[in-house]
Amino acid sequence: MNHWLVKSEPDVFSFADLLKAPKKTTCWDGVRNYQARNTLRDQMKKGDRVFYYHSNAEPSGIAGICEVVREGYPDHTAIDSKDPHFDPKSRADAPTWYMVDVRAVAAFPRLVTLAELKGVKGLEQMALVRKGSRLSVQPVTRREWEIVCRIAGHSPD
DNA sequence: GCCAACGTTGGC
DNA sequence: GCCAACGTTGGC
């Protein structure tokens with residue numbers, strides 16, 4: 001099993017929103033970055049566990065865990081001219097952008113903030129804490145996963 | 001609200 | 001293919 005982290009602005013769609021969603025599931029649409037697209041399309045597999053990170057928040061941090069329940073498929077919002085994530089260059093018969101479906105697994109007992117993750121031994125290489133990292137879908141190593149879960153007071157499994 | 005860092009676009 | 005201009009992300 002691989003581990004990942006996805007970012008969402010809680011003002012737009014928070015972890016609490018995911019918990020309230022039908023089947024606690026949503027499609028992870030709107031990603032318009034090629035590196036993140038490749039991860040969504042090629043690497044995220046059913047059952048993989050994913051940190052749910054609140055960006056642009058007060059405070060920003062990891063709110064909980066979700067899991068991949070559907071593997072990469074074309075992001076239909078790219079070809080919907082009324083959608084805010086519409087991409088006029090995308091074509092229905094040759095999809096550029098992909099998404100997965102994720103389902104909430106568990107909220108952390110408390111938010112693990114970005115501030116406290118910085119400087120934690122073992123997380124130096126984690127994309128999230130590296131300066132200038134803007135990737136909205138990123139890999140997390142097993143070791144990083146365990147460290148964050150321990151800080152959160154949550155089982156890593 | 002500011003702005004650094006980054007990705008993308010397009011002229012040449 | 002280079003790189004300046006521009007738009008976006010996201011911490012602070």
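So that the names make sense, note that chain A is the first sequence line, chain B the second, and so on, each numbered from 1. Basis for what follows: all heavy atoms, side chains included, without hydrogens, waters or symmetry-related copies.
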(request) Measure the spacing between CD of A/Gln43 and CH2 of A/Trp4 and express it to the nearest 0.5 Å. (result) 4.0 Å
(request) Counting heavy atoms from C-beta on, name the nucleotide in B/dA4, C/dG11, C/dG10 closest to the side chain of A/Lys131. (result) B/dA4
(request) Consider the side chain of A/Lys89, meaning its heavy atoms from C-beta on, and name the nucleotide among B/dT8, B/dT9, C/dC12 that approaches it most closely. (result) B/dT9
(message) For A/Arg91, is the CZ atom crowded, meaning more than 12 foreign heavy atoms sit under 6.0 Å from it?
(response) no
(message) I'd like to know if A/Asp75 and A/Arg37 make a salt bridge, using a cut-off of under 4.0 Å between side-chain N and carboxylate O.
(response) no
(request) May I ask you to decide whether A/Arg142 forms a salt bridge with A/Asp157, counting only side-chain N to carboxylate O separations under 4.0 Å? (result) yes
Integer-rounded Å distance: [N] [atom2] and [X] [atom1]:
{"X": "A/Asp11", "N": "C/dG11", "atom1": "CG", "atom2": "P", "result": "12 Å"}
{"X": "A/Arg130", "N": "C/dG10", "atom1": "CZ", "atom2": "P", "result": "15 Å"}
{"X": "A/Leu117", "N": "C/dG10", "atom1": "CG", "atom2": "C1'", "result": "16 Å"}
{"X": "A/His54", "N": "C/dG11", "atom1": "NE2", "atom2": "P", "result": "12 Å"}
{"X": "A/Asp87", "N": "C/dT8", "atom1": "CG", "atom2": "C1'", "result": "15 Å"}
{"X": "A/Leu114", "N": "C/dT9", "atom1": "CG", "atom2": "P", "result": "18 Å"}
{"X": "A/Arg37", "N": "B/dT8", "atom1": "CZ", "atom2": "P", "result": "10 Å"}

(message) Does C/dT9 have OP1 or OP2 under 4.0 Å away from a side-chain N or O of A/Lys7?
(response) no
(request) Respond yes when some side-chain nitrogen or oxygen of A/Lys118 is under 4.0 Å from OP1 or OP2 of C/dC12, and no when none is. (result) yes
(request) Could you say whether A/Asn56 or A/Arg32 is positioned toward the 5' end of DNA chain B, judged by the nucleotide with the nearest heavy atom to each? (result) A/Asn56
(request) Would you indicate whether the side-chain heavy atoms of A/Tyr52 and A/Ile65 approach each other to under 4.5 Å? (result) no
Could you go over nucleotides 5-7 of chain C and give all protein N or O partners under 3.5 Å, atom names and distances?
none

(message) So if I apply the side chain to side chain donor-acceptor pair (under 3.5 Å) rule between A/Thr77 and each of A/Lys82, A/His85, A/Arg32, which one comes out positive?
(response) A/Arg32
(message) Does the plane of the ring in A/Trp145 sit parallel, tilted or perpendicular to the ring in A/His3? Use 30° and 60° as the thresholds.
(response) tilted
